Amino acid sequence: MTNPILMTGATDRLGGTRGLLRTGLVFLTTVQFIVGCWALLFPRSFFDIPWVGMRMSYNAHLMMDYGAMSLATSVVLGVGAVTMRQTMIRTGLAVYLVFALPHLVIHIRLLHHLAPGQRMPLLTLLTAAVVIAVALLGLTGRTRQVS
C-alpha cells in the first residue's frame with residue numbers, strides 16, 4: 001500500500017480544492033516561518049508587540065523557544081505543501097492546531113492584560129488561524145491511492 005497523494009480531480013493551479021489546500025498550507029507555512037525567525041532572532045523586538053508581551057515580564061529564553069517551535073511547525077506544514085501527501089498535510093495541520101487552539105484559549109484567558117482596543121483584533125486573528133487550519137483539514141478528506 002502506498003502513501004495516498006491528495007487527488008481531487010482539480011488541477012494544481014490556484015483553483016480547485018487541491019490549489020486551495022496548497023495555498024492555505026503555503027500561507028500558514030509563511031506566517032509560521034516569519035514569526036519564528038522574528039522571535040528567534042529578535043526576541044526583544046517580538047516581545048515588545050503589545051499582543052505578545054501583554055505587560056508581563058520579558059523572558060528571552062521563552063521568546064527564542066517560541067521562535068524555534070514556530071520554525072519547526074513551518075517545516076512540517078511546508079513539507080505538506082510541497083509533497084501534497086495526505087499524511088504529511090494532516091500531520092502538519094494537526095501539529096499546527098495542537099499549538100493554535102490552546103494559544104487562542106490562553107489569550108482569551110489573559111485578555112485583561114490588553115487594552116480594550118487590542119482585544120478584538122487579537123481574538124480575530126487567533127480565531128482565524130484556527131478556522132483556517134480546520135477548514136484545510138476538511139479539504140484533505142478526498143483521496144485516491146496512487147500505485
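Hydrogens, waters and symmetry mates play no part in the numbers below; they use all other heavy atoms, side chains included. One-based numbering along the sequence shown. Keep in mind that what you see is a predicted model, and the values were worked out from it rather than measured.
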Under 3.5 Å, which donor-acceptor pairs do the side chains of residues 67-78 form with other protein atoms, sequence neighbours left out?
| from | atom 1 | to | atom 2 | distance (Å) |
| --- | --- | --- | --- | --- |
| Ser70 | OG | Tyr66 | O | 3.1 |
| Thr73 | OG1 | Met69 | O | 3.0 |
| Ser74 | OG | Leu71 | O | 2.7 |

Got a second to check how far Arg18's CZ is from Leu139's CG, nearest 0.5 Å? 12.5 Å
Determine the interplanar angle of the Phe99 and His103 rings, folded into 0 to 90°, and report it as parallel if under 30°, tilted if 30 to 60°, perpendicular if over 60°. parallel
Minimal heavy-atom distance between Leu123 and Thr127, with the atoms involved, is O-OG1, 2.7 Å
Gln86 side chain to Thr140 main-chain N or O, any donor-acceptor pair under 3.5 Å? yes
Could you work out, with side-chain hydrogen bond (donor to acceptor under 3.5 Å, both in side chains) as the rule, every residue matching Asp48, not counting sequence neighbours? Arg44
Which atom pair, heavy atoms only, marks the closest approach of Val52 to Phe47? CG1-CA, 3.8 Å
Ala81 versus Arg22, closest heavy-atom pair with distance: O-NH1, 3.2 Å
Nearest heavy atoms of Gly141 and Arg90, plus distance in Å: CA-NH2, 3.6 Å
Which heavy atom of Leu114 sits nearest to which heavy atom of Leu122, and what is that distance? CD1-CD2, 3.4 Å
Rounded at 0.5 Å granularity, tell me how far CG in Leu101 sits from CD1 in Ile106. 10.0 Å
CG-CG distance between Leu137 and Leu21, expressed to the nearest 0.5 angstrom: 9.5 Å
Distance col, row Met64:CE vs Phe42:CZ, nearest 0.5 angstrom, shows 12.5 Å
His113 and Met54: which non-hydrogen atoms are nearest, and at how many Å? CB-O, 3.3 Å
